[in-house]
Structure formats: structure tokens, C-alpha cells
K.L.:
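First, the structure itself, so that you have it in front of you.
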There are 2 protein chains.
Amino acid sequence: MSIEHTILAVLSFWPSTGYNIKSEFEHKAAGLYWGMSYGSIYPKLKKLEKEGFIYAIEQEDEGRKKKKYELTAKGWKEFENWLKTPPPFPVIKDELLMKMSTWHEDMDNDVLISHLFKRKEEATDILKFVQEWPRNGYSFVSRLGCLSIRYAEMKLETEIKWIEESIEVLQNNNLPVGQDPHGNTEKLLNRRRMAIGGEKGNFQ
Amino acid sequence: MSIEHTILAVLSFWPSTGYNIKSEFEHKAAGLYWGMSYGSIYPKLKKLEKEGFIYAIEQEDEGRKKKKYELTAKGWKEFENWLKTPPPFPVIKDELLMKMSTWHEDMDNDVLISHLFKRKEEATDILKFVQEWPRNGYSFVSRLGCLSIRYAEMKLETEIKWIEESIEVLQNNNLPVGQDPHGNTEKLLNRRRMAIGGEKGNFQ
DNA sequence: TTAGTCATGTAACGCGTTACATGATTAG
DNA sequence: CTAATCATGTAACGCGTTACATGACTAA
């Protein structure tokens, strides 16, 4: 998904400056929006203006000079056509999952458990924020925005539940059986021990 | 997360060729792994070899010449140190959520509903695959891999449940109330109508 | 007065993809 | 024989970030 359309989407709420757009993303990182840097924002704003999707309103607002951008008719069209195009299935790149599924039996499970505890804390923090968001009294949350937030909530609750289950299973040594028709678990450990064998003493 | 570590992780399972690594990701895109292109893989393999993390075994296997790569002691170390470093909280960029929360009341809800139906189908397909994976009889799924897969399952089930709820709410015009202390919903519609006002006739 | 935040911008760089180039083997 | 799959690679490009540069206003 392009930064350009994200910017148009933010501007659809209200006219904003580049600085504004960045801060808009700072706290709403709950999976509904995602951050971008000034190095992307300002050049894109210029580009979008040059192409006629937005226009600048130079202001001397509150003693500070700023450049607020607003959508043009062309900008609204582009934004709404983007809304209408079916969104692609999201690619999730979760290092925790990757690490968990490539963790092996010569590794200390306690380290993995500490990863899970850390993730639980992070998820809990975001969940709290997400739950308060539509009731904090000042943020604008549209009726459909509410539905999106509901999704973030459900997903985080599921994640926390999974983490708790996983920690329990790991601590009680109660792991599921898996599937290993070619004895790969053992092969892996043998290959590893073979590789590091010569330096058994100093292998951390 | 770097491609390098992902490659080391794949090689930890079994020695593989560049082609192998790519195909490994083709079907396991369930959120546990993610794809990469030959344009990344081959140069990275060379780099990793040069740096002593992996070494090549040139083979004339099954009538085909291939270059299988295997981890060195240094490679195992690097891989395991990576496993031990706490994974960052994943950034989820879901265009569907972004579109839903910036959808506005002058847009046709049926289009949004069609997006949701499409997503439901995709999620259902992946869920089916994920559920069969640890029981298909041939894939290697470690005991911890099983836990990761369980997460993918739970997440997809939650997603599907949310989609079903959302479709229902949209079809019965039963949306939640939201939060709009500054009358932004109306302001937005006014700004939009103002912007496109001059060309009401031909605005698609 | 000084640290923080509001505010705008650019240049260099990193990272990964797309597209291209090549060729052998195998299944229909 | 021909399309698909196995197999390896490179060059150009797109996209976005990091780091840097600048400056004004504001609250402690």
C-alpha cells in the first residue's frame, strides 16, 4: 500500500500539515495505521500537490507559519477509487512466530518464555489504549472506525490468550506432539552438534 | 527483520539451495513465514558464504547440479543469538482496516461489504491449510512449530468471526455510535461536497 | 536560558523487488 | 516436442528510512 494513499486518507479527515500527519500516526499505531517518516511525507506532499491531488493553504496560525494541505476534487476522487479497490491480504511478519517455530531442543526454553512475557506486556498496553480510544472524549472515531477498533481489540485479546496458553504449556513441559515423519528433530540436533563439535568447550 | 536471519533459520532445518528456500516460503505464507525473491536470496547466500556463516556443497543430485548450503559453527552461533534477541512488536499494515476506518458516509457500504467477503474467503482458505498442515503426513512440524501454527489458527478464527459480525452489522445498518465531539463527520462531508461541488454532474 | 516541541525540508543510503538472462531436465 | 519445473544468477529501479540541517516559539 502506498504512502500517497495513506496521506490522502489522513487529509480526508481534516486539512493537515506534514508535521501533523506524522504525529497522527505516533499513537494510532494499533495496527490500524502505521508510521511514516518526514523523509517520505514532505516529498510526497510536494508530489501530490504538483499532481493536483492536494493544495496548500499557507497559514500564520497561532504565531507559527505552517502549510496545511487539503484535498482537491481530483484528490477526493483518487482517494475514493482507492477505497473501492479490494485490499490485498496483509503480510504479517512476526519475528516471534518465526523464532518460535525455528527454536530447537538444544536452546533454553526460558529465553523463549521471556520473549512471550515481553510480547504479552506490549500487547496489553496497546489493548488498553485501543479500548479507551473510542471513549476518551476528544478523538474522532467514526462509526466504521469503531468497527476497525473492535477488530484490533479482538485480535489483541486472542494474542494475549495464546501467549498465556503457550507460557503455561512451556512451563509445564506440556508441548503438543508435532509431526516429524523423517526424524528431522534428531537430524537437526546431530547436524548442529557436528558443526559446533570441534569447539564444544567455548561454544556459548 | 533481516532476510539474512530468515535464511539462516531455513537452513537450520536442513541444507537447502536458493531455489529450495524460495519454494519453502511459497506455501507457508500463513503469517509464520514470508516470501522473498531470488533477487534477494542468491546475493544473500553469496554474502553469507563469504562471511563464513554458511558453506556450499556442490552436488550432482538427481541428475541436476545444485548448490546446497549448510550452516557453519559460526552460522549456528549467529542464528541462535538471533533467536535469543527479543523480537520487536510486529507492524501490521492491513489496508482493509485503513480503508474501513477512513470510509465515509457518502460512500456505498456494499463495496466495503464486498471487501469483507473477499477477506473472509482468503482467511478461510489459509485457515484450512493451517489446520491440515501439522497432520498432512509429510511436513516437518516441530513441537514448538505446532504452537506457532496454533496461533495462526486462533488469529484467523478471530478474524473470520470479526468479519462475520461486521458484515451483519453493516447489512442491518446496526453500526456502533463512534465518538465525534467536534462534528467531524458532518465537516468531512461538507468539505468533500464543497470540493467536488463544481462538477456534481460528472463526479463518479 | 535551555530543553522541548512545533515545523519544514534534503541527501545519502539500505533493502528488497522486478525484470531480465540463461539453461537443463522432465512430464504430458 | 513443448510446456512446466528445476536451477542460478544480475542490473536497474522503487520505495522508504536515517541522518542531517535549520529555525522559531514556549514552558520550566
Side-chain angles (χ1 to χ4, degrees), chain A residues 1-11 14-27 29 33-51 54-70 82 88 90-93 95 98, chain B residues 1-11 14-27 29 33-51 54-70 82 88 90-93 95 98:
Chain A
M1 115 149 237
S2 64
I3 284 208
E4 261 117 301
H5 285 119
T6 312
I7 290 179
L8 294 182
V10 174
L11 294 184
W14 39 66
S16 310
T17 67
Y19 187 82
N20 259 324
I21 291 170
K22 171 106 171 108
S23 37
E24 190 74 14
F25 285 105
E26 247 29 351
H27 44 286
Y33 300 94
W34 46 92
M36 47 174 104
S37 58
Y38 294 128
S40 309
I41 294 173
Y42 285 108
K44 288 295 178 198
L45 283 171
K46 283 208 164 170
K47 196 194 163 205
L48 288 168
E49 189 184 15
K50 204 185 70 191
E51 290 169 347
I54 60 176
Y55 63 95
I57 318 163
E58 239 125 332
Q59 282 186 316
E60 193 79 31
D61 205 25
E62 299 143 21
R64 272 193 174 89
K65 328 132 202 84
K66 37 175 121 177
K67 261 168 109 176
K68 264 193 184 159
Y69 287 94
E70 168 67 306
W82 172 75
V91 184
I92 309 129
K93 299 190 181 183
E95 229 177 276
M98 177 97 226
Chain B
M1 117 151 238
S2 66
I3 285 208
E4 262 118 299
H5 286 118
T6 312
I7 290 178
L8 293 182
V10 173
L11 294 185
W14 39 67
S16 309
T17 67
Y19 187 82
N20 260 323
I21 291 170
K22 169 107 172 109
S23 36
E24 191 73 14
F25 285 104
E26 246 28 352
H27 44 288
Y33 302 93
W34 46 92
M36 47 176 103
S37 58
Y38 293 127
S40 308
I41 295 172
Y42 285 108
K44 288 294 177 197
L45 284 172
K46 283 209 163 168
K47 195 192 163 207
L48 287 168
E49 189 184 16
K50 203 185 70 193
E51 290 169 347
I54 60 176
Y55 63 96
I57 318 163
E58 239 126 330
Q59 282 187 315
E60 192 81 30
D61 204 27
E62 299 143 19
R64 271 195 174 90
K65 329 130 202 84
K66 38 175 120 175
K67 260 168 109 175
K68 264 192 184 160
Y69 287 94
E70 169 67 306
W82 172 75
V91 184
I92 309 130
K93 300 191 181 183
E95 228 176 279
M98 176 96 225

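The chains referred to below are lettered A, B, ... by the order of the sequence lines, with proteins before strands, and numbering in each begins at 1. A quick note: this is a predicted structure, and the numbers were derived from the prediction, not measured.
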K.L.:
Under the side chain to side chain donor-acceptor pair (under 3.5 Å) test, which residues partner A/K44, sequence neighbours left out?
P.N.:
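Only A/E4 meet the side chain to side chain donor-acceptor pair (under 3.5 Å) criterion with A/K44.
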K.L.:
Atom CE of A/M36 to atom P of D/dC15: distance rounded to whole Å?
P.N.:
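Rounded to the whole Å, the gap is 14 Å.
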K.L.:
Within this structure, what is the CD1-to-C1' distance between A/I7 and D/dG16, rounded to whole angstrom?
P.N.:
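Taking atom C1' of D/dG16 as the reference, CD1 of A/I7 is at 12 Å.
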K.L.:
Checking side-chain contact (heavy atoms from CB on, under 4.5 Å) for the pair B/I7/B/Y69: CA distance, chi angles, key distance, verdict?
P.N.:
CA-CA 10 Å; B/I7 290 178; B/Y69 287 94; over 6 Å; no
K.L.:
Given atom CH2 of A/W34 and atom P of D/dC15, what is their separation to the nearest angstrom?
P.N.:
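That distance rounds to 16 Å.
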K.L.:
What is the distance, to the nearest angstrom, from the CD1 atom on B/I3 to the C1' atom on C/dG14?
P.N.:
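In whole Å, C/dG14 C1' and B/I3 CD1 are 12 Å from each other.
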K.L.:
What is the distance from CG of A/N20 to C1' of C/dT8, rounded to the nearest Å?
P.N.:
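These atoms are roughly 13 Å apart.
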K.L.:
Output yes when at least one side-chain N/O atom of A/T17 is less than 4.0 Å from OP1 or OP2 of C/dT8, else no.
P.N.:
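Yes.
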K.L.:
So do the side chains of B/M36 and B/T6 get within less than 4.5 Å of each other, counting heavy atoms only?
P.N.:
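SC-SC contact between B/M36 and B/T6 confirmed.
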K.L.:
For the helix from C/dT1-D/dA28 to C/dG28-D/dC1, what angle separates the axis at the start from the axis at the finish, each from five pairs, in steps of 10°?
P.N.:
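Rounded value for the end-axis angle: 30°.
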K.L.:
Among C/dT8, D/dT17, C/dT25, which is the nearest nucleotide to the side chain of B/R64?
P.N.:
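Minimum distance to the B/R64 side chain belongs to C/dT25.
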K.L.:
Can B/K22 be said to sit on top of B/Y38's aromatic six-ring, NZ or CZ under 6.0 Å from centre and within 45° of the ring axis?
P.N.:
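Output yes; distance and angle both within limits.
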K.L.:
Tell me the closest heavy-atom pair linking A/K93 and B/P90, and the distance in Å.
P.N.:
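Shortest heavy-atom contact: O-CB, 3.9 Å.
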K.L.:
Anything under 3.5 Å between a protein N or O and an N or O of nucleotides 9-12 of chain D, put it in a table, one pair a line.
P.N.:
{"residue": "D/dG9", "atom": "OP1", "partner": "B/K67", "partner atom": "NZ", "Å": "3.4"}

K.L.:
Say you draw a straight line from CD of A/E24 to CD1 of A/I41; how long is it, rounded to the nearest 0.5 Å?
P.N.:
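CD1 of A/I41 is found 11.0 Å from CD of A/E24.
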K.L.:
Take atom NZ of A/K47 and atom P of D/dG14, then tell me their distance rounded to the nearest Å.
P.N.:
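Roughly 10 Å, once rounded to whole Å.
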K.L.:
Please name the pair of heavy atoms, one in A/A9 and one in A/W82, separated by the smallest distance, quoted to 0.1 Å.
P.N.:
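Smallest heavy-atom distance, with atoms named: CB-CZ3, 4.3 Å.
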K.L.:
Between B/E24 (CD) and D/dT5 (C1'), how many Å, whole number?
P.N.:
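Going from B/E24 (CD) to D/dT5 (C1'), I get 17 Å.
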K.L.:
How close do B/S16 and B/I21 get, counting heavy atoms only, and between which atoms?
P.N.:
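So the minimum-distance heavy-atom pair works out to CB-CG1, 4.1 Å.
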K.L.:
Please tell me if B/Y19 has a side-chain N or O lying less than 4.0 Å from either OP1 or OP2 of D/dT8.
P.N.:
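False: B/Y19 side-chain N/O out of range (4.0 Å or more) of D/dT8 OP1/OP2.
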K.L.:
Starting at atom CD of A/E49, determine the distance to atom C1' of C/dT8, rounded to an integer number of angstrom.
P.N.:
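Computing the A/E49:CD to C/dT8:C1' distance gives 13 Å.
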K.L.:
Which pair of non-hydrogen atoms, one from B/L11 and one from B/E70, has the smallest distance, and what is that distance?
P.N.:
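For B/L11 and B/E70, the tightest heavy-atom pair comes out as O-OE1, 4.1 Å.
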K.L.:
Would you kindly compare A/I41 and A/K65 by the position of their nearest DNA chain D nucleotide and give the one closer to the 5′ end?
P.N.:
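Here A/I41 is the residue nearer the 5' end.
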